[in-house]
Amino acid sequence: QTIPFSEVGNIINRSRDYTYVPIDIATSYKTDIGKVYEALTLAVEEMKKDSTFGKMILEPLTLSGIDRFAENAVHVSATIKIKPDPNNRFGRELNRRLKIHMDALGITPPIAFQEVWTHKDE
């Protein structure tokens, strides 16, 4: 839509000073949730030490915990407050480092499965 400038009243830029990076990790029901927290913590600690990404972090990681139980996965959520990042470079790098730590800790993704039942005629 096109809005004439003369009709614009107040504009609020909610991402001018900061933004939140949402984190949602889906993992197998067999996964030790403590390991997921450990992977998150390790990845964020690495980000803090990085000369580029460390400067972007405004507040520590907030672990929300288990967000929901899905059909084949447990979802763990967290957020981190950072300086504005319009290209989401921080989020992509965090995901990359998180994947490395999840692999090292043996955290497996959820696996879709289907159970087939057959009926025997009696």
Side-chain angles (χ1 to χ4, degrees):
Q1 292 184 348
T2 303
I3 301 171
F5 188 71
S6 60
E7 292 184 24
V8 174
N10 293 324
I11 297 175
I12 299 172
N13 184 351
R14 296 191 190 277
S15 63
R16 185 182 78 189
D17 299 322
Y18 63 89
T19 189
Y20 287 96
V21 175
I23 303 161
D24 177 44
I25 300 171
T27 187
S28 163
Y29 272 86
K30 294 180 179 183
T31 299
D32 176 355
I33 296 301
K35 286 186 176 184
V36 176
Y37 295 163
E38 182 181 350
L40 273 166
T41 303
L42 290 169
V44 171
E45 288 303 313
E46 277 185 8
M47 297 290 281
K48 284 181 185 177
K49 294 174 186 173
D50 186 278
S51 60
T52 302
F53 296 111
K55 297 174 197 172
M56 296 177 71
I57 299 172
L58 298 175
E59 291 182 6
L61 176 72
T62 302
L63 280 167
S64 303
I66 296 176
D67 188 51
R68 68 187 183 280
F69 295 96
E71 188 174 310
N72 65 336
V74 176
H75 287 260
V76 175
S77 65
T79 57
I80 188 164
K81 186 176 180 179
I82 64 168
K83 291 180 181 179
D85 183 21
N87 296 323
N88 195 30
R89 288 177 41 238
F90 185 94
R92 287 193 301 275
E93 180 61 17
L94 178 61
N95 285 340
R96 186 185 73 79
R97 293 175 190 224
L98 183 57
K99 170 74 167 86
I100 291 168
H101 288 292
M102 289 174 66
D103 288 347
L105 292 169
I107 298 170
T108 57
I111 299 170
F113 65 90
Q114 188 173 34
E115 189 171 346
V116 178
W117 291 46
T118 58
H119 177 68
K120 259 187 166 174
D121 288 339
E122 294 178 41

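- In this view, Asp103 and Lys99 satisfy the side-chain contact (heavy atoms from CB on, under 4.5 Å) rule, not counting sequence neighbours.
- Among all heavy-atom pairs drawn from Thr19 and Lys83, the shortest one is CG2-O, 3.7 Å.
- Two residues are said to be in side-chain contact when any heavy atoms from C-beta on lie closer than 4.5 Å; Val74 and Thr31 fail this criterion.
- Taking CD1 from Ile57 and CD1 from Ile82, the interatomic distance works out to 8.5 Å, rounded to the nearest 0.5 Å.
- Partners of Glu38 according to the side-chain hydrogen bond (donor to acceptor under 3.5 Å, both in side chains) rule, which considers only residues two or more places apart in sequence or in another chain, do not exist here.
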Run Ile25 and Met102 through side-chain contact (heavy atoms from CB on, under 4.5 Å) and show every step you take. CA-CA 10 Å; Ile25 300 171; Met102 289 174 66; 3.7 Å; yes
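- Residues Ile33 and Val44 fall within the same hydrophobic cluster, defined by Ile, Leu, Val, Met, Phe, Trp and Tyr side chains chained together at heavy-atom separations under 4.5 Å.
- Placement of Leu61 and Ile66 within a single hydrophobic cluster is found when ILVMFWY residues are connected by side-chain heavy-atom separations under 4.5 Å, directly or transitively.
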Report the C-alpha separation of Asp24 and Arg68 in whole Å, then their side-chain angles, then the decisive distance to 0.1 Å, and conclude whether the side-chain contact (heavy atoms from CB on, under 4.5 Å) test is met. CA-CA 10 Å; Asp24 177 44; Arg68 68 187 183 280; 3.9 Å; yes
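- Residues Glu93 and Arg97 are paired through a salt bridge, judged by an N-O separation under 4.0 Å between the basic side chain and the carboxylate.
- Salt bridge absent: Glu46 and Lys49 never bring a charged side-chain N and a carboxylate O closer than 4.0 Å.
- Between the side chain of Asn87 and the main chain of Arg89, no donor-acceptor pair closer than 3.5 Å is present.
- If you take NE2 on His101 and CG on Leu98, they are separated by 8.0 Å, rounding to the nearest 0.5 Å.
- Taking OH from Tyr37 and CG from Leu105, the interatomic distance works out to 14.5 Å, rounded to the nearest 0.5 Å.
- Atom CD1 of Ile23 and atom CG of Leu40 lie 5.5 Å apart (nearest 0.5 Å).
- Ile107 and Ile111 end up in different hydrophobic clusters when Ile, Leu, Val, Met, Phe, Trp and Tyr side chains are linked at under 4.5 Å.
- Using a 4.5 Å heavy-atom threshold, the side chains of Lys35 and Thr27 count as separate.
- Counted within 6.0 Å of CZ on Arg92, heavy atoms from surrounding residues, nucleotides or ligands total more than 12; the atom is thus considered enclosed.
- Note that the CG atom of Asn95 and the CZ atom of Phe90 stand 10.0 Å from one another [nearest 0.5 Å].
- Taken from CG in Leu63 to OG1 in Thr41, the straight-line distance is 5.5 Å, to the nearest 0.5 Å.
- For the pair Val21 and Gly91, the tightest heavy-atom approach, listed with the atom from each and the gap, is CG1-CA, 4.2 Å.
- Nearest heavy atoms, Pro84 versus Met56: O-CE, 4.2 Å.
- Partners of Thr62 by side-chain contact (heavy atoms from CB on, under 4.5 Å), not counting sequence neighbours, listed by chain and number: Thr79.
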